[in-house]
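Here is the structure we will look at, set down as C-alpha coordinates.
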Amino acid sequence: MGGVHSISVGDYLDTIFFMISVLLPTYNGERFLREQIDSILLCLSNDDELLIADDNSSDGTREILTSFRDERIKLFLRKDNIGLNKSIEHLLSLAEGELIFLADQDDVWLHDRITSVLPYFKDYDIVVSDCIVTNEALDVVEQSYFARNPPRADILHNLIQCRFLGCCMGFKKKVAEATMPFPNNIPAHDLWIGSVSHLLGFTIYFSERAAILYRRHSGSVSVTFSKKHRRLNRKLIDRCKFIFSLLSFALKKATFRLLH
(Lines give C-alpha, C1' and ligand atoms only; values in the text may rest on other atoms or scores of the structure.)
Protein backbone atom coordinates (compact mmCIF):
# COMPACT_ATOMS: atom_id res chain seq x y z
CA MET A 1 0.00 0.00 0.00
CA GLY A 2 1.35 3.41 -0.92
CA GLY A 3 1.16 6.72 0.84
CA VAL A 4 -2.01 8.20 2.26
CA HIS A 5 -3.20 11.56 0.94
CA SER A 6 -6.32 13.10 2.42
CA ILE A 7 -8.12 15.72 0.33
CA SER A 8 -11.37 17.62 0.69
CA VAL A 9 -13.73 17.06 -2.22
CA GLY A 10 -17.04 18.87 -2.06
CA ASP A 11 -18.60 18.56 1.38
CA TYR A 12 -16.94 15.32 2.38
CA LEU A 13 -13.47 14.01 3.11
CA ASP A 14 -12.22 11.61 0.48
CA THR A 15 -9.18 9.57 1.52
CA ILE A 16 -7.27 7.99 -1.33
CA PHE A 17 -4.60 5.34 -0.89
CA PHE A 18 -1.88 5.35 -3.49
CA MET A 19 1.79 5.98 -4.04
CA ILE A 20 3.18 9.07 -5.75
CA SER A 21 6.42 9.22 -7.74
CA VAL A 22 8.15 12.54 -8.37
CA LEU A 23 10.78 12.55 -11.11
CA LEU A 24 13.62 15.07 -10.93
CA PRO A 25 16.39 15.07 -13.56
CA THR A 26 19.44 17.14 -12.61
CA TYR A 27 22.45 18.60 -14.39
CA ASN A 28 24.73 21.32 -12.99
CA GLY A 29 21.90 22.65 -10.86
CA GLU A 30 23.71 23.49 -7.64
CA ARG A 31 22.37 27.08 -7.42
CA PHE A 32 18.74 26.24 -6.69
CA LEU A 33 18.63 22.48 -6.23
CA ARG A 34 18.52 22.19 -2.44
CA GLU A 35 15.59 24.63 -2.19
CA GLN A 36 13.64 22.67 -4.79
CA ILE A 37 14.23 19.27 -3.18
CA ASP A 38 13.20 20.64 0.21
CA SER A 39 9.96 21.98 -1.27
CA ILE A 40 9.17 18.66 -2.97
CA LEU A 41 9.76 16.56 0.13
CA LEU A 42 7.34 18.74 2.10
CA CYS A 43 4.61 17.73 -0.37
CA LEU A 44 5.18 13.97 -0.09
CA SER A 45 3.88 11.41 2.36
CA ASN A 46 6.22 8.95 4.04
CA ASP A 47 5.57 6.21 1.48
CA ASP A 48 5.98 8.28 -1.68
CA GLU A 49 9.20 8.45 -3.67
CA LEU A 50 11.42 11.11 -5.21
CA LEU A 51 13.49 9.68 -8.06
CA ILE A 52 16.51 11.78 -9.01
CA ALA A 53 18.81 11.07 -11.94
CA ASP A 54 21.92 13.19 -12.36
CA ASP A 55 23.34 13.55 -15.86
CA ASN A 56 27.03 13.54 -14.86
CA SER A 57 27.11 17.05 -13.36
CA SER A 58 30.45 18.81 -13.10
CA ASP A 59 29.52 21.34 -10.38
CA GLY A 60 28.42 20.72 -6.79
CA THR A 61 25.13 19.08 -7.72
CA ARG A 62 26.16 15.58 -6.67
CA GLU A 63 27.46 16.76 -3.30
CA ILE A 64 24.08 18.36 -2.65
CA LEU A 65 22.19 15.24 -3.73
CA THR A 66 24.21 12.86 -1.59
CA SER A 67 23.88 15.14 1.45
CA PHE A 68 20.17 14.33 1.82
CA ARG A 69 19.29 11.59 4.28
CA ASP A 70 15.74 10.78 3.32
CA GLU A 71 14.53 7.27 2.53
CA ARG A 72 12.04 8.62 0.01
CA ILE A 73 14.87 9.72 -2.28
CA LYS A 74 16.13 7.22 -4.84
CA LEU A 75 19.28 8.55 -6.43
CA PHE A 76 20.81 7.53 -9.76
CA LEU A 77 24.22 9.00 -10.58
CA ARG A 78 25.16 8.38 -14.19
CA LYS A 79 28.68 8.40 -15.58
CA ASP A 80 27.51 9.76 -18.93
CA ASN A 81 25.18 12.49 -20.19
CA ILE A 82 22.11 11.17 -21.98
CA GLY A 83 20.12 14.41 -22.13
CA LEU A 84 16.86 15.52 -20.57
CA ASN A 85 14.40 13.50 -22.66
CA LYS A 86 16.14 10.18 -22.11
CA SER A 87 16.70 11.01 -18.46
CA ILE A 88 12.97 11.50 -17.98
CA GLU A 89 12.26 8.30 -19.90
CA HIS A 90 14.69 6.41 -17.67
CA LEU A 91 13.01 7.72 -14.52
CA LEU A 92 9.54 6.92 -15.87
CA SER A 93 10.59 3.30 -16.35
CA LEU A 94 11.61 3.14 -12.68
CA ALA A 95 8.63 4.93 -11.13
CA GLU A 96 6.48 2.75 -8.90
CA GLY A 97 3.73 5.23 -8.05
CA GLU A 98 0.20 5.21 -9.41
CA LEU A 99 0.53 8.96 -9.97
CA ILE A 100 3.63 10.58 -11.45
CA PHE A 101 4.69 14.21 -11.16
CA LEU A 102 7.54 15.83 -13.09
CA ALA A 103 9.82 18.46 -11.56
CA ASP A 104 12.58 20.82 -12.69
CA GLN A 105 15.71 21.34 -10.62
CA ASP A 106 15.41 25.13 -10.31
CA ASP A 107 11.75 25.70 -9.41
CA VAL A 108 10.03 25.72 -6.04
CA TRP A 109 6.91 23.71 -5.27
CA LEU A 110 4.08 25.34 -3.36
CA HIS A 111 2.95 23.46 -0.26
CA ASP A 112 -0.24 22.20 -1.94
CA ARG A 113 1.40 21.25 -5.25
CA ILE A 114 0.00 17.73 -5.00
CA THR A 115 -3.07 18.00 -2.77
CA SER A 116 -4.57 20.81 -4.87
CA VAL A 117 -4.81 18.59 -7.96
CA LEU A 118 -5.65 15.20 -6.46
CA PRO A 119 -9.44 15.59 -6.81
CA TYR A 120 -9.12 15.97 -10.58
CA PHE A 121 -7.56 12.53 -10.99
CA LYS A 122 -10.94 11.00 -10.22
CA ASP A 123 -12.05 12.12 -13.70
CA TYR A 124 -8.86 12.90 -15.60
CA ASP A 125 -5.68 11.09 -16.60
CA ILE A 126 -3.44 14.17 -16.82
CA VAL A 127 -3.56 17.39 -14.83
CA VAL A 128 -1.50 20.40 -15.91
CA SER A 129 -1.35 23.18 -13.34
CA ASP A 130 -0.77 26.86 -13.85
CA CYS A 131 2.38 28.38 -12.35
CA ILE A 132 3.69 31.68 -11.05
CA VAL A 133 6.55 32.92 -13.21
CA THR A 134 9.47 34.40 -11.24
CA ASN A 135 12.99 35.64 -11.73
CA GLU A 136 16.08 34.07 -10.18
CA ALA A 137 15.36 35.64 -6.80
CA LEU A 138 11.75 34.32 -6.89
CA ASP A 139 10.34 37.81 -7.40
CA VAL A 140 7.04 37.45 -9.27
CA VAL A 141 7.24 38.33 -12.95
CA GLU A 142 3.82 36.98 -13.95
CA GLN A 143 1.09 35.72 -11.62
CA SER A 144 -0.10 33.25 -14.25
CA TYR A 145 1.66 31.42 -17.07
CA PHE A 146 -1.74 30.51 -18.51
CA ALA A 147 -2.77 34.17 -18.72
CA ARG A 148 -0.21 34.65 -21.50
CA ASN A 149 -0.52 31.11 -22.87
CA PRO A 150 -4.18 30.03 -22.57
CA PRO A 151 -4.27 26.25 -22.03
CA ARG A 152 -5.16 24.12 -25.02
CA ALA A 153 -4.84 20.35 -25.35
CA ASP A 154 -4.90 20.13 -29.16
CA ILE A 155 -1.68 19.27 -30.91
CA LEU A 156 -1.60 22.22 -33.34
CA HIS A 157 -1.60 24.94 -30.68
CA ASN A 158 0.98 23.10 -28.61
CA LEU A 159 3.28 22.82 -31.59
CA ILE A 160 3.26 26.63 -31.76
CA GLN A 161 3.61 27.22 -28.00
CA CYS A 162 3.69 24.24 -25.66
CA ARG A 163 1.18 24.43 -22.80
CA PHE A 164 2.25 21.05 -21.47
CA LEU A 165 4.94 22.37 -19.14
CA GLY A 166 6.55 19.25 -17.73
CA CYS A 167 7.25 20.86 -14.37
CA CYS A 168 3.51 21.48 -14.00
CA MET A 169 2.32 18.03 -15.13
CA GLY A 170 0.99 15.11 -13.15
CA PHE A 171 -0.41 11.95 -14.73
CA LYS A 172 -1.43 8.39 -14.10
CA LYS A 173 1.06 5.59 -14.60
CA LYS A 174 -0.87 4.29 -17.61
CA VAL A 175 -0.07 7.54 -19.43
CA ALA A 176 3.65 6.96 -18.97
CA GLU A 177 3.34 3.39 -20.19
CA ALA A 178 1.40 4.44 -23.29
CA THR A 179 3.77 7.22 -24.34
CA MET A 180 7.04 5.31 -24.07
CA PRO A 181 9.51 4.70 -25.54
CA PHE A 182 10.29 8.27 -26.58
CA PRO A 183 11.53 8.74 -30.16
CA ASN A 184 15.07 10.05 -30.42
CA ASN A 185 14.23 13.20 -32.36
CA ILE A 186 11.49 14.80 -30.25
CA PRO A 187 12.19 18.40 -29.11
CA ALA A 188 10.79 17.94 -25.60
CA HIS A 189 9.47 15.12 -23.42
CA ASP A 190 6.51 17.16 -22.10
CA LEU A 191 5.31 18.07 -25.59
CA TRP A 192 5.50 14.38 -26.52
CA ILE A 193 3.62 13.14 -23.44
CA GLY A 194 0.89 15.74 -23.82
CA SER A 195 0.45 15.34 -27.59
CA VAL A 196 0.45 11.55 -27.57
CA SER A 197 -1.97 11.51 -24.65
CA HIS A 198 -4.33 13.79 -26.57
CA LEU A 199 -3.95 11.59 -29.64
CA LEU A 200 -4.77 8.45 -27.64
CA GLY A 201 -7.82 9.99 -26.02
CA PHE A 202 -6.54 10.35 -22.46
CA THR A 203 -8.50 12.94 -20.50
CA ILE A 204 -6.62 16.17 -19.77
CA TYR A 205 -7.43 18.93 -17.30
CA PHE A 206 -5.76 22.32 -17.00
CA SER A 207 -5.96 23.67 -13.46
CA GLU A 208 -6.01 27.44 -13.08
CA ARG A 209 -4.54 27.15 -9.59
CA ALA A 210 -0.79 27.81 -9.57
CA ALA A 211 1.18 24.86 -8.19
CA ILE A 212 4.81 25.99 -8.44
CA LEU A 213 7.10 28.99 -8.62
CA TYR A 214 8.44 28.69 -12.17
CA ARG A 215 11.89 30.23 -11.99
CA ARG A 216 13.22 31.82 -15.18
CA HIS A 217 16.96 32.42 -15.48
CA SER A 218 18.52 35.65 -16.63
CA GLY A 219 21.11 35.81 -19.39
CA SER A 220 18.81 35.45 -22.39
CA VAL A 221 16.70 38.59 -22.00
CA SER A 222 17.94 40.32 -25.15
CA VAL A 223 18.56 38.30 -28.28
CA THR A 224 19.96 39.61 -31.56
CA PHE A 225 17.96 39.28 -34.76
CA SER A 226 20.36 36.69 -36.18
CA LYS A 227 20.07 34.57 -33.04
CA LYS A 228 16.28 34.84 -33.15
CA HIS A 229 16.34 33.82 -36.80
CA ARG A 230 18.53 30.78 -36.09
CA ARG A 231 16.36 29.84 -33.13
CA LEU A 232 13.20 30.06 -35.25
CA ASN A 233 14.76 27.86 -37.93
CA ARG A 234 15.81 25.33 -35.29
CA LYS A 235 12.29 25.30 -33.85
CA LEU A 236 10.72 24.73 -37.27
CA ILE A 237 13.07 21.82 -37.95
CA ASP A 238 12.37 20.32 -34.52
CA ARG A 239 8.62 20.63 -35.01
CA CYS A 240 8.81 18.90 -38.41
CA LYS A 241 10.73 16.03 -36.83
CA PHE A 242 8.19 15.91 -34.03
CA ILE A 243 5.25 15.68 -36.45
CA PHE A 244 6.99 12.85 -38.29
CA SER A 245 7.52 10.99 -34.99
CA LEU A 246 3.90 11.55 -34.02
CA LEU A 247 2.63 10.26 -37.37
CA SER A 248 4.90 7.21 -37.10
CA PHE A 249 3.59 6.54 -33.60
CA ALA A 250 -0.03 6.83 -34.78
CA LEU A 251 0.64 4.49 -37.69
CA LYS A 252 2.18 1.86 -35.40
CA LYS A 253 -0.80 2.08 -33.04
CA ALA A 254 -3.27 1.75 -35.92
CA THR A 255 -1.38 -1.22 -37.39
CA PHE A 256 -1.29 -2.95 -34.00
CA ARG A 257 -5.05 -2.56 -33.57
CA LEU A 258 -5.72 -3.94 -37.04
CA LEU A 259 -3.54 -7.00 -36.36
CA HIS A 260 -5.06 -7.65 -32.95
Side-chain angles (χ1 to χ4, degrees), residues 23 25 27 53 55 81-93 95 100-104 107 124-131 133 144-207 214 216-217 220 223-260:
L23 313 186
Y27 178 69
D55 228 8
N81 188 306
I82 62 175
L84 179 58
N85 290 342
K86 288 301 179 182
S87 185
I88 289 289
E89 184 180 33
H90 174 227
L91 290 175
L92 284 173
S93 69
I100 298 172
F101 289 81
L102 306 182
D104 286 351
D107 298 328
Y124 297 93
D125 302 309
I126 301 179
V127 179
V128 185
S129 298
D130 198 358
C131 59
V133 183
S144 168
Y145 177 84
F146 286 165
R148 182 165 47 90
N149 303 285
R152 298 282 295 266
D154 64 280
I155 296 173
L156 177 60
H157 281 85
N158 280 281
L159 281 173
I160 298 171
Q161 178 62 48
C162 184
R163 275 74 165 180
F164 292 112
L165 284 182
C167 57
C168 295
M169 290 177 68
F171 44 85
K172 295 177 180 176
K173 190 176 182 65
K174 65 180 182 180
V175 172
E177 295 170 344
T179 56
M180 293 195 298
F182 295 165
N184 292 325
N185 57 356
I186 58 174
H189 63 279
D190 43 12
L191 177 61
W192 177 258
I193 293 172
S195 299
V196 170
S197 297
H198 178 70
L199 185 67
L200 295 178
F202 285 116
T203 50
I204 302 171
Y205 182 78
F206 289 91
S207 171
Y214 182 47
R216 308 304 293 149
H217 292 228
S220 59
V223 183
T224 64
F225 176 80
S226 60
K227 287 183 179 179
K228 285 184 179 179
H229 185 68
R230 289 197 299 270
R231 189 170 63 182
L232 178 60
N233 286 341
R234 181 72 262 173
K235 185 174 182 178
L236 288 173
I237 293 172
D238 287 343
R239 290 305 188 261
C240 289
K241 290 180 178 178
F242 179 81
I243 292 172
F244 177 78
S245 296
L246 203 59
L247 290 174
S248 299
F249 176 85
L251 180 60
K252 289 179 182 177
K253 286 289 183 180
T255 302
F256 178 83
R257 288 170 182 170
L258 285 173
L259 296 176
H260 297 80

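Heads up: numbering here begins at 1 and tracks the sequence.
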Answer whether the closest heavy-atom distance between the side chains of F171 and I204 falls below 4.5 Å. no
Side-chain heavy-atom pair I100, L92 within 4.5 angstrom cut-off: yes
Show the nearest heavy-atom pair for residues A53 and S87, with the distance to one decimal. CB-OG, 3.8 Å
Would you indicate whether the side-chain heavy atoms of K172 and F202 approach each other to under 4.5 Å? no
In sequence, state the C-alpha distance, the side-chain angles, and the governing distance for C131 and L165, and then conclude on side-chain contact (heavy atoms from CB on, under 4.5 Å). CA-CA 9 Å; C131 59; L165 284 182; 4.0 Å; yes
Describe, in one word, how the ring planes of Y205 and Y124 are oriented to each other, choosing from parallel (under 30°), tilted (30 to 60°) and perpendicular (over 60°). tilted
Please report the interatomic distance CD1(I243) to OG(S248), rounded to the nearest 0.5 Å. 11.5 Å
Quick one: are V128 and P151 in side-chain contact, heavy atoms under 4.5 Å? no
Spacing of CD1 belonging to I186 relative to CG belonging to N85, to within rounding of 0.5 Å: 4.5 Å
Minimum heavy-atom separation for R152 to R163, with atom names? N-CG, 3.9 Å
Measuring from C167:SG to L23:CG, what's the distance to the nearest 0.5 Å? 13.0 Å
Is the shortest side-chain heavy-atom distance between W192 and F242 below 4.5 Å? yes
Distance check, rounded to the nearest 0.5 Å: Y145 atom OH versus S129 atom OG? 13.5 Å
L246 and V196: which non-hydrogen atoms are nearest, and at how many Å? CD1-CG2, 3.7 Å
Show the atom names and distances, to 0.1 Å, of all donor-acceptor pairs under 3.5 Å that link a side chain in residues 177-184 to residues at least two apart or in another chain.
unit_1	atom_1	unit_2	atom_2	d
T179	OG1	V175	O	3.0
T179	OG1	A176	O	3.3
N184	OD1	K86	NZ	3.4

State whether the side chain of D130 and the backbone N or O of F146 hold a donor-acceptor pair below 3.5 Å, judged by distance alone. yes
Within the side chain of K174, is there an N or O that forms a donor-acceptor pair under 3.5 Å with the backbone of D125? no
Calculate, to the nearest 0.5 Å, the distance between atoms CD1 and CE belonging to I126 and M169 respectively. 5.0 Å
Looking at CG of D104 and CG of L84, how far apart are the two atoms once the value is rounded to the nearest 0.5 Å? 7.5 Å
Pick from L200, L199, I193: which one makes a side-chain contact (heavy atoms from CB on, under 4.5 Å) with S197? I193
On a heavy-atom basis, the closest approach of L102 and G166 is CB-O, 3.1 Å
